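Input: a single structure, listed below in structure tokens.
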Number of protein chains: 2
Amino acid sequence: MAAQNEPRTEPRIPLSRERVLRAAVDVADEGGIESLTMRRLAEVLGAEAMSLYYHVANKDKVLDGIVDVIAEEINDVVDRIDVPSKGADWKKAMRQRILSARAVLLRHPWAPGVLPSRATTSPAIVQYFDALVGLMRDGGFSYDLAHHALHALGSRALGFTQELFDPGDGTGDQDPAALESMADRLPHLVGMLAEVAHDDPDSTLGWCDDQTEFEFGLDLILDGLDRMRETV
Amino acid sequence: MAAQNEPRTEPRIPLSRERVLRAAVDVADEGGIESLTMRRLAEVLGAEAMSLYYHVANKDKVLDGIVDVIAEEINDVVDRIDVPSKGADWKKAMRQRILSARAVLLRHPWAPGVLPSRATTSPAIVQYFDALVGLMRDGGFSYDLAHHALHALGSRALGFTQELFDPGDGTGDQDPAALESMADRLPHLVGMLAEVAHDDPDSTLGWCDDQTEFEFGLDLILDGLDRMRETV
DNA sequence: ACCTGAACACCGTTCAAGT
DNA sequence: ACCTGAACACCGTTCAAGT
């Protein structure tokens, strides 16, 4: 319609590693991680897919990069936390930090799926864990116990868990006959579901990882560590 | 070289869903999950990729299927376990079952990466969790506490954890200057690594998920649950 | 009923070429 | 220095066609 050398309405911002990564986070936030392709990413940036390779080595580095972006976002939040952590206070400080990290991840639902494979390569995540060890040291942990604690917390240290199996699943749309045969094969689960009012369907981070269950597991571990704290 | 209608040395076993899934497990075991493509799977079976679609709907169903195969393998193993589980014995019974499940997963290193996304759809895994709830009931758990317990255990209930960050990583090939700047930025981790003899590099399930750390975290949770067992 | 060839719509990525 | 067009080697999958 318009003339062929129409003046650009937007003067075309040049690409950069930072722009590419920020756009990648946006794409993943909006369309899920499987929607993040080099071609789609380029499209969002108003460029060709091949142009991205001038700023990032390949797609793997993009994934490393967006994990690091999120980890920096977490660090920005938790570094602003300034509560006492000496002695018995370690637990409250740790708890608050982990729940704050979780709040960030809730805004990036793709992150828990991508983090496990790239966390080790993210400097920001290493920084985060360094701070956690610092809190435990404040609480009187030996390095050895702090090390065990990191392993025991696993992904919970960053605010999420990998739930394997949603106990509230698969009973929704069943006819009575199927339900009865299920009661035969799965007596304990059926009993559990009948009693546990699983009517709180705000699954947050996917995987039925809802807030109260997350906190239950977190407190279980933190309490256990707290008991070991002074004996080791 | 040979005549064109040479008699087949092997009379060509017909495909079937079971053969496809078993071959898929083999491919993933040997080459990793990323090596499992429909074309490679067909090749292993001496067929064309398109022939697979007669026996499985699509690749997603193949992934669902191989998870179920592994879950059945786990059930076969744990169902042979027959130890007392009444009262205080629940913990030993649970522990043994989970560690046995872990032993199976150690033979299929790709499984922990695939399980989280498909566990809910595997009947065999649902069956596994039903048995776990049964053990906890034997131990006197309320359904409510058993439900919390499943969430608290998460993937640990099946014998693996998602480690985010290997505390023994990234210090191997560093020049002294880099090490010193690292000590500035990561004082606690550097201190921890200096003290914790992390010279046990038999990472088993990837993710630095080594056996003693797994058992430490598992016992921490089981002990915590055991304490709640009679008060709730 | 079971299998296949050709083809399609997608990937990530290379490389020589443009400005 | 930064970007791109054409092309390559791979995917999963459809569909009409073979036995």
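Just so it is clear: chains get the letters A, B, ... in the order the sequence lines come, proteins before strands, and each one is counted from 1. Computation of the quantities below employed the complete heavy-atom set of this structure, encompassing side-chain atoms and omitting hydrogens, waters and symmetry-equivalent molecules. Since the structure is predicted, the reported quantities are computational estimates derived from the model, not experimental observations.
Between the side chain of B/S100 and the main chain of B/Q96, a donor-acceptor pair closer than 3.5 Å is present. Between the side chain of B/Q162 and the main chain of A/G154, no donor-acceptor pair closer than 3.5 Å is present.
Residues A/H108 and A/E73 have side chains that bring a donor and an acceptor to within less than 3.5 angstrom of each other. Donor-acceptor pairing under 3.5 Å is recorded for the side chains of B/R185 and B/S181.
Contact annotation: B/H55 does not reach the phosphate of C/dA1 (side-chain N/O to OP1 or OP2, under 4.0 Å). Put simply, B/Y54 has no side-chain N or O that comes within less than 4.0 Å of OP1 or OP2 on C/dC3.
Residues B/E48 and B/R39 are not paired through a salt bridge, judged by the lack of any N-O separation under 4.0 Å between the basic side chain and the carboxylate.
Side-chain contact check for A/S51 versus A/L15: some heavy-atom pair is nearer than 4.5 Å.
We find the CG-CG distance between A/D130 and A/N75 to be 10.0 Å, quoted to the nearest 0.5 Å.
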Checklist outcome for this item: Protein heavy-atom contacts under 4.0 Å, written 5' to 3' over nucleotides 8-19 of chain D as B (base), S (sugar-phosphate only) or - (none), form the string ---BBBB-----
Checklist outcome for this item: Pairs under 3.5 Å (Watson-Crick or G-U), crossing ones as [ ], inter-strand ones as |: DNA chain D comes out as ||.|||||...|||||.||
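Taking atom CD of residue A/E48 and atom C1' of nucleotide D/dT4, one finds them 6 Å apart after rounding to whole Å.
Counting heavy atoms of neighbouring residues, nucleotides and ligands inside a 6.0 Å radius, atom NZ of A/K61 does not exceed 12 of them.
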